[in-house]
Structure formats: structure tokens, C-alpha cells
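Heads up, the thing below is written out as C-alpha cells.
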Amino acid sequence: MRQSFVSFGAGVLFAGGLGLSGMAQPAKIQAFLDFAGAWDPTLMGVMGAAVVTYFVAFRVIVGMPAPVLGLKFHIPTRKQLDAPLILGSALFGLGWGISGYCPGPAIVSLPTGSTDVLTFAISMLAGMGLFRVYEAWKTRRSSATASSPLSVPAANEPTVTRAAAPEERPFNPTGTPLPIP
Amino acid sequence: MDLNTVISPLERALLGGTLIGLATSSLLLFNGRVAGISGIVGGLLTPTKGDTAWRVAFVAGLVAGGLLLFLLTPGVFSSGPSSLQLSSLPHLPLLAGGGLLVGFGTRLGSGCTSGHGVCGVGRFSPRSIVATLTFISAGALAVFVLRWLTGGLA
């Protein structure tokens with residue numbers, strides 16, 4: 001299936017970018033986070049280049065009625081800041097700082113077979129599994145009682161057919177009818 | 001091959017970051033998907049029919065790319081434990097604890113450095129911007145505690 005080919009290629013390219021940029025080295029990550037010590041700004045340059053590239057591409061892609069191979073865009077639609085976002089990000093950040101690894105570099109580093117990476121990766125999967133358990137527990141609890149303020153997001157972002165926001169619609173100054181997406 | 005003789009670390013960072021941007025953009029352009037690795041992997045833990053192949057393919061690509069790197073330029077990976085240098089705490093338990101936090105936290109927070117940090121920030125998502133600032137701050141705190149309060153290189 002062509003989508004899988006593209007996915008695979010994107011994964012290889014992503015791995016290449018991580019490796020080339022030095023982001024597969026936990027020491028470099030922790031050195032970036034070491035604001036109070038010997039600060040290494042490399043990660044900022046990497047993330048900056050990635051963000052700028054994605055920003056430009058996104059502006060173009062967003063004008064399309066649909067992705068090249070797929071039926072629709074799966075872009076998160078939630079806008080509100082909530083407790084799970086902040087708490088989850090904080091927990092993630094702590095783990096990231098402690099280990100110097102996040103999901104991408106960990107998976108890319110698996111072929112090295114190092115004990116460090118395997119330990120991290122297995123624990124990461126365990127942590128994700130733990131969240132699944134927590135999610136299931138919350139669902140059972142909220143179906144029995146009134147829902148709690150700490151609402152838990154779905155495991156996968158909702159799949160939506162994107163209706164283009166006004167600033168995102170294809171450039172159409174004359175207002176001629178566009179094909180229905 | 002020592003990459004640093006061919007291209008400077010800054011150039012490597014910018015070029016590598018651009019590759020990451022291209023990779024994530026490709027996934028969006030062709031498959032319409034956000035390249036949030038924690039989400040891609042997390043979605044595999046609850047496999048849904050029709051939604052699994054592309055995730056497996058992406059993870060396989062990450063591993064294949066990693067294998068290529070390992071064979072061609074193994075120096076891009078860590079040559080030894082790094083959090084050991086920051087702290088006198090036992091090394092593997094730190095990694096395990098970090099892994100648990102990353103696994104749980106990315107799912108709870110709906111994203112990681114690629115999902116929020118690149119894709120979310122790249123489209124100016126307020127949630128992702130806040131998430132990114134949060135996890136960077138938390139990471140800085142963790143490193144600070146490790147480095148200054150639990151011993152290790154000053």
C-alpha cells in the first residue's frame with residue numbers, strides 16, 4: 001500500500017535527520033536542557049529548522065482538499081488548554097530530562113542494542129501501557145459517577161474531515177466555485 | 001566516517017532539523033497524518049483495523065534508518081551513559097524511571113517533541129506551544145536536579 005511506503009520513507013528520513021543533527025545523543029539533549037550549566041543550544045537549532053520547514057509546508061498543504069494518498073487530513077482540533085495536556089507534558093519533560101531520550105530517538109537507537117536504549121524503550125512502552133490502564137479506569141469511573149474535571153483524552157486524536165477555516169481555504173480571490181472536497 | 005570533518009555541528013543541526021521537517025511534512029502531505037511519534041506508537045497499543053499498517057511502517061522506517069546510521073556512522077549515537085555523568089544515582093533505574101514518565105506523560109499530554117514540538121508549533125497550535133514550553137521547562141528542572149542536587153560533574 002502506497003501510504004505504508006510513504007510512512008516507511010518518512011520514518012527513514014526522520015531517523016536520518018535525528019542522527020545527523022546529533023539528537024540521538026542523550027548527552028546533547030541534556031546539555032540543551034542544562035540552562036544553568038554548560039548550555040548547548042544545538043537542539044534549538046534542530047527544532048527551529050524543523051519547525052520552519054514544517055510551517056512552510058503546512059501553509060501549502062493546508063490549502064489542499066485532501067492529502068495526496070489519503071481521504072482526509074487527521075489534524076487535532078482541540079484548542080483548549082487542559083490539565084492532562086499540562087500535567088502530561090510536565091511528566092514527559094521530567095522523564096526526558098532524566099534520561100535524555102524521547103520516543104523518536106529511542107526507537108531510532110534500538111538497532112544499537114545498547115542496554116540504555118532497551119531499558120528506556122521497554123519502560124516507555126510500559127508507561128504507555130500504564131496510561132491505557134489509567135484511561136480505562138477513568139472511563140469506568142466516569143460512567144458510574146459524574147465525570148471528573150480531569151477529563152482524559154482519547155488514545156487517538158479524533159478523526160475529522162477538516163472543514164477549512166477561513167484563513168486556511170484555498171486562495172480564491174474571484175470567488176469562483178471550487179470543487180467540493 | 002567522522003561527520004564533523006565534513007560538516008560543522010551547526011550545519012548538521014540545521015540540515016538534520018530540515019530533514020525532520022521534510023519527513024513530518026511528507027507524512028502530512030501524503031497520508032494526512034501528524035508525525036507525533038508518541039501518538040503513532042501509542043495508537044499501536046490499541047490497534048484499529050485500517051489504522052495500523054502506516055504506523056507499523058513508520059516505526060519500521062525509524063528502525064531501518066537507525067540501522068543504516070548504526071552501520072554507516074555509528075558515532076551519531078551515544079557512546080556511553082550520559083545521565084550517569086549528571087548524577088550519582090544508579091544509571092539504569094534512572095533510565096527506567098525516565099522511560100515510564102515519558103511513556104505515560106506523552107500519552108496523557110497527547111504528544112511529544114515531534115508531535116507538539118515540531119508539528120504543533122509549526123502550525124501555531126496554542127496547545128502545542130504550551131505543551132512544548134512545559135516539557136522543556138520540566139526537562140530543564142530534571143537536569144538541574146540531577147546535576148546540582150544529586151551529585152555528579154559540577
Side-chain angles (χ1 to χ4, degrees), chain A residues 3-4 6-8 10-15 17 19-21 24-27 30 33-35 42 45-46 49-51 53-55 57-58 61 67-70 73 84-85 88-99 102-104 107-108 111-112 119-120 123-124 127-128 131 155-156, chain B residues 12-14 16-21 23-27 29-33 37-38 42-43 46 53-54 57-58 61-62 65-67 69-70 76-78 82 92 95-96 98-110 112-114 118 121-123 131 134-135 138-140 142-143:
Chain A
Q3 279 202 17
S4 294
V6 171
S7 276
F8 182 82
V12 175
L13 195 61
F14 194 100
L20 178 66
S21 62
Q25 293 181 350
Q30 290 173 319
L33 295 170
D34 192 12
F35 292 108
T42 305
V46 181
V51 166
T53 305
Y54 191 83
F55 168 76
F58 186 81
I61 295 169
V68 173
L69 296 177
F73 289 105
L85 178 80
S89 300
L91 292 175
F92 161 52
L94 286 178
W96 188 41
I98 287 171
S99 63
C102 61
I107 297 172
V108 170
T112 65
T119 305
F120 177 87
S123 304
M124 183 183 78
M128 290 184 170
F131 177 75
N156 300 304
Chain B
R12 285 177 55 186
L14 296 177
T18 306
L19 290 182
I20 292 172
T24 51
S25 303
S26 304
L27 201 66
L29 173 66
F30 288 95
N31 295 8
R33 293 283 182 177
I37 295 175
S38 64
T46 48
W54 74 273
F58 187 84
L62 289 179
L67 182 61
L69 289 168
F70 184 56
V76 302
F77 296 107
S78 173
S82 68
L92 284 184
L95 279 170
L100 278 175
L101 286 169
V102 167
F104 191 89
T106 52
R107 299 304 290 140
L108 179 63
S110 306
C112 57
T113 47
S114 55
V118 176
V121 171
R123 63 185 182 93
T134 304
F135 64 66
V143 166

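Heavy atoms only: backbone and side chains are in, while hydrogens, waters and symmetry mates are out. Proteins get letters first, then strands, A, B, ... in listed order; numbering begins at 1 in each.
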For the interface with chain A, which of [options] has the highest count of heavy-atom pairs at distances below 4.5 Å?
{"options": "Ala142(B), Gly139(B), Ala131(B), Ala53(B)", "answer": "Gly139(B)"}
{"options": "Gly61(B), Ala96(B), Gly105(B)", "answer": "Gly61(B)"}
{"options": "Ser114(B), Gly21(B), Gly65(B), Ala138(B)", "answer": "Ala138(B)"}
{"options": "Ile37(B), Leu19(B), Leu62(B), Thr113(B)", "answer": "Leu62(B)"}

After noting the C-alpha distance and the side-chain angles of Leu27(B) and Phe14(A), does the key distance pass the side chain to side chain contact (heavy atoms under 4.5 Å, CB included) rule? CA-CA 10 Å; Leu27(B) 201 66; Phe14(A) 194 100; over 6 Å; no

Is there a side-chain contact between Val121(B) and Tyr54(A), using heavy atoms and a 4.5 Å cut-off? no

Tested for side-chain contact (heavy atoms from CB on, under 4.5 Å) against Asn31(B), the lone hit among Ser4(A), Pro67(A), Ser7(A) is Ser7(A)

With Phe92(A), which of Thr134(B), Leu101(B), Thr106(B), Leu108(B) fulfils side-chain contact (heavy atoms from CB on, under 4.5 Å)? Thr106(B)

Taking Gly16(B)'s backbone N and O only, do any of them form a donor-acceptor pair with Ser21(A)'s side chain (distance below 3.5 Å, no angle check)? no

Which distance, rounded to the nearest 0.5 Å, do you find between the CZ of Phe77(B) and the CD of Gln25(A)? 9.5 Å

Does any heavy atom of chain A fall under 4.5 Å from the side chain of Phe70(B), the backbone, both, or neither of them? side chain

Checking heavy atoms, do the side chain of Leu92(B), its backbone, both or neither come under 4.5 Å from chain A? both

Using a 4.5 angstrom heavy-atom cutoff, name the option from [options] with the most pairs to chain B.
{"options": "Val68(A), Ile107(A), Thr119(A)", "value": "Val68(A)"}
{"options": "Gly11(A), Pro103(A), Ala24(A), Ala49(A)", "value": "Gly11(A)"}
{"options": "Ala90(A), Ala15(A), Ala50(A)", "value": "Ala50(A)"}
{"options": "Val6(A), Thr42(A), Thr112(A)", "value": "Thr112(A)"}

For Leu20(A) and Arg12(B), the nearest pair of non-hydrogen atoms, with its separation, is O-NE, 2.8 Å

Honestly, the part of Phe35(A) sitting under 4.5 Å from a heavy atom of chain B is side chain

